[in-house]
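Values below: all heavy atoms of this structure, side chains included; hydrogens, waters and symmetry mates excluded. In what follows, chains carry the letters A, B, and so on, assigned in the order in which the sequence lines appear, proteins first and then strands, with residues in each chain numbered from 1.
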There are 2 protein chains.
Amino acid sequence: MAITIYDVAREANVSMATVSRVVNGNPNVKPATRKKVTACIERLGYRPNAVARGLASRKTTTIGVIVPDISKSYYAELSRGIADVATMYEYNIILSNSDKRSLREVELIEDHLGKQVDGLIFMSDSISDDVRKELKLASIPIVLAGTLDSEMNFPTVNIENKEAAARAVQELIDNGHKHIAFISGPFSRDINRLSKKMGYVDAMKAAGLSIPEEFIVETDNTYDDAYEAWNRLKNLPNRPSAVFAGNDEIAVGLMNGIRDDGLTVPKDVEMICFQHSILARAVRPQLTAIRVPLYDLGAVSMRLLTKLMNNEEVEHTQVVLPYQIEHRDSIQRK
Amino acid sequence: MAITIYDVAREANVSMATVSRVVNGNPNVKPATRKKVTACIERLGYRPNAVARGLASRKTTTIGVIVPDISKSYYAELSRGIADVATMYEYNIILSNSDKRSLREVELIEDHLGKQVDGLIFMSDSISDDVRKELKLASIPIVLAGTLDSEMNFPTVNIENKEAAARAVQELIDNGHKHIAFISGPFSRDINRLSKKMGYVDAMKAAGLSIPEEFIVETDNTYDDAYEAWNRLKNLPNRPSAVFAGNDEIAVGLMNGIRDDGLTVPKDVEMICFQHSILARAVRPQLTAIRVPLYDLGAVSMRLLTKLMNNEEVEHTQVVLPYQIEHRDSIQRK
DNA sequence: ATGAAAGCGCTAACAC
DNA sequence: GTGTTAGCGCTTTCAT
């Protein structure tokens with residue numbers, strides 16, 4: 001049986017309350033008493049039971065993090081930002097993978113609430129009505145990190161994905177391209193359908209460029225599927241001379257498909273994409289890309305959550321972080 | 001105030017104990033009663049408080065996972081394997097990043113124990129004496145996942161890193177190379193000093209090849225540092241014609257350094273490495289590599305931990321998983 | 001500055 | 001089958 005607060009109290013000839021005060025840094029303890037108690041704690045190797053503490057105080061100093069897939073660098077990077085700020089504020093993290101399945105997401109929210117987390121950071125690339133309802137019902141603070149909330153109800157930290165996509169496509173347009181394809185993840189996901197694709201469409205329309213249906217290629221977001229995608233593009237009447245990709249993994253898949261078809265990036269096809277990992281920099285040519293500040297997205301989300309958990313006044317609960325376009329070699333520089 | 005088990009009991013005209021039985025699937029409940037209670041639970045939206053349950057039962061159905069850095073694909077992939085098996089057995093995961101700092105690792109172990117986790121999965125690439133002591137003192141099951149324990153005390157799931165390294169180097173030797181360099185992460189880490197380097201040295205010695213001191217290049221394990229590493233190698237009297245790299249990220253860094261020096265892989269320099277991410281496949285030429293079964297390492301670790309937590313008989317607590325060398329294009333095929 | 005005592009919401013004997 | 005009751009280890013009034 002582990003040492004309890006009661007053991008320490010007896011050993012130090014004080015009450016549990018006093019030990020509790022010492023442990024929690026309550027100033028109302030005479031220095032001499034504090035010293036005596038601290039010594040006993042040390043000697044006995046007392047370690048407060050966080051579960052008992054959580055029950056008594058109704059605070060667990062634990063937050064929940066629900067993520068589609070921690071093995072994807074997008075979410076791993078975000079989570080690291082969350083974790084570092086969580087550590088600063090002495091919160092632990094319960095982390096769960098949802099695989100973007102709405103049913104599972106609902107389950108997980110329920111599960112985390114049952115564990116009495118003090119707050120929740122939720123990530124996905126689409127929010128279903130069921131999830132939205134569940135999230136609304138919760139009585140703890142919730143922040144969406146790097147996650148589009150099409151109805152803009154919840155505290156959120158994000159970049160302007162649509163605008164970024166439009167600017168990326170504009171780079172291609174500025175380089176003289178008329179035939180620009182968009183290679184995307186599934187359009188069942190809001191982030192692709194409502195943000196990235198819309199940005200692409202807006203930029204194309206603004207430039208008076210037409211968008212043949214075939215120029216919009218939907219993949220399952222994997223390297224391998226994107227690799228195959230070039231086969232759908234290469235024989236088109238107006239073969240695209242430039243491509244905007246939804247992220248760097250599919251950009252690299254496509255680029256390798258292009259290369260294995262005997263063509264060269266950027267000579268034959270120029271490319272730009274969202275950057276979620278080191279891939280964009282590791283491949284040759286290096287990819288010109290929208291650098292998404294993933295770590296910061298996570299860190300700021302967690303900071304926001306701490307404020308919400310402390311009932312602090314928060315002016316803007318919809319935080320927008322800046323992004324950068326990093327010019328590398330998949331677009332020729334003028 | 002949330003609904004408690006007492007509210008449900010009153011509403012259903014039964015005792016708390018009966019509600020508890022229903023919630024926990026205890027068979028000693030009359031079907032009619034069960035139905036009535038279930039209905040009340042549904043109607044009131046009762047959600048058991050896991051903290052109270054944890055205090056009363058002394059089980060939290062939560063395990064701790066301590067990882068150097070979740071944003072590194074090696075650990076992200078491992079963690080995903082852990083998480084999936086944890087889900088199967090209905091455990092939650094508290095995940096913390098240690099940045100491999102021994103002091104922080106000790107803190108985190110203490111912290112997780114305080115949270116009353118039922119088990120712990122620890123990962124690092126080196127285990128300090130302090131950490132070892134802390135781990136030994138713990139009274140809960142602990143498994144090391146993908147982590148070298150040079151003293152072989154703890155339950156572990158791993159691959160034979162040393163043997164794999166030797167086999168990788170042997171591939172280079174078989175291709176006729178005499179001058180083979182090893183580009184590594186920090187030798188302060190056991191995995192590099194005791195496993196990968198030893199495998200390299202063994203293979204070289206067995207083949208009667210000499211190892212000039214300069215052939216062993218220590219990097220900080222980053223892409224950028226590895227990129228620079230070629231500068232230390234290229235002007236050597238016997239410039240290496242082949243390189244064994246500790247992982248794919250530094251392999252790619254080095255390869256790009258080689259390429260930007262005007263040389264070609266595999267024509268001028270052949271390469272092989274440990275594969276921790278999609279990088280090995282995404283770059284061109286694709287890297288011949290030792291595929292480390294990261295997901296499985298995690299999954300098996302968690303499975304082992306469940307057995308330990310259930311006090312099941314476990315024959316082998318030191319599990320060794322197979323690995324594969326994937327032949328791609330950074331070594332010419334004969 | 002310190003102690004006594006009442007919970008926090010649940011599980012687990014034990015009794016019936 | 002079901003109810004009663006005593007904790008689990010701590011925080012938190014409320015006295016003193």
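Residue A:V23 is classed as having no contact, given no heavy-atom separation below 4.0 Å to the nucleic acid. Residue contacts shown for A:N28 include a base, since a base heavy atom lies under 4.0 Å away. Within 4.0 Å of B:V51, counting heavy atoms only, lies no atom of the nucleic acid at all.
Here the side chain of A:S20 is nearest to one of C:dC10, D:dC8, D:dT12, namely D:dT12. If you check C:dT11, D:dG9, C:dG3 against the side chain of A:A17, the one that comes closest is C:dG3.
A salt bridge does not link A:D129 with A:K133: every distance from a Lys NZ or Arg NE/NH1/NH2 to an Asp or Glu carboxylate oxygen is 4.0 Å or more. The pair A:R104-A:D99 fails the salt-bridge criterion, with no side-chain N (NZ, NE, NH1 or NH2) lying under 4.0 Å from an Asp/Glu carboxylate O.
Rounded to an integer number of Å, the gap from B:N13 CG to D:dG1 C1' is 16 Å. One atom, CG of B:N26, and another, P of C:dA12, lie 10 Å apart when rounded to the nearest Å. When the C1' atom of C:dC10 is taken as reference, atom CG of B:D7 falls 13 Å away, rounded to whole Å. Separating the CD atom of B:Q116 from the P atom of C:dC10 is a distance of 19 Å, rounded to the nearest angstrom. Across the protein-nucleic acid pair, A:K36 atom NZ and C:dA1 atom P stand 15 Å apart, rounded to whole Å. Atom P of nucleotide C:dG9 and atom CD1 of B:I5 are separated by 11 Å, given to the nearest angstrom. The interatomic distance linking A:M16 (CE) with D:dC10 (P) rounds to 7 Å, in whole Å. For the pair B:I3 CD1 and C:dC8 C1', the computed distance is 16 Å after rounding to whole Å.
B:R53 has a side-chain polar atom (N or O) that falls below the 4.0 Å cut-off from OP1 or OP2 of C:dT11. OP1 or OP2 of D:dG3 has at least one side-chain nitrogen or oxygen of B:T18 nearer than 4.0 Å. Side-chain nitrogen and oxygen atoms of A:Y46 include at least one within less than 4.0 Å of the OP1 or OP2 phosphate oxygen of D:dC10. A sub-4.0 Å separation between OP1 or OP2 of C:dA12 and a side-chain N or O of B:S57 is absent. In this model, the phosphate group of C:dG7 is not approached by any side-chain N or O of A:R58 to a distance below 4.0 Å at OP1 or OP2. Look at A:N24 and you'll find a side-chain N or O under 4.0 angstrom from OP1 or OP2 of D:dT11. In this model, the phosphate group of C:dG3 is approached by a side-chain N or O of A:S15 to a distance below 4.0 Å at OP1 or OP2. The shortest distance between the side-chain N/O atoms of A:T4 and the OP1/OP2 oxygens of D:dC8 is not below 4.0 Å.
Of all heavy-atom pairs between B:V51 and A:Q116, the closest is CG2-CG, 3.5 Å. Shortest non-hydrogen contact noted between B:P293 and B:L321 is CG-CB, 4.4 Å.
With hydrogens and angles ignored, a donor-acceptor pair under 3.5 angstrom links the side chain of A:R21 to the base of C:dG3.
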Legend entry - Worked verdict on B:S128 versus B:K100 for side-chain hydrogen bond (donor to acceptor under 3.5 Å, both in side chains): CA-CA 10 Å; B:S128 72; B:K100 305 183 182 176; over 6 Å; no
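Each of B:V29 and A:R47 was matched to the nucleotide of DNA chain D holding its nearest heavy atom; the match closer to the 5' end belongs to B:V29.
Looking only at atom types and distance, the side chain of A:N161 has no donor-acceptor partner in the side chain of A:S195 under 3.5 Å away.
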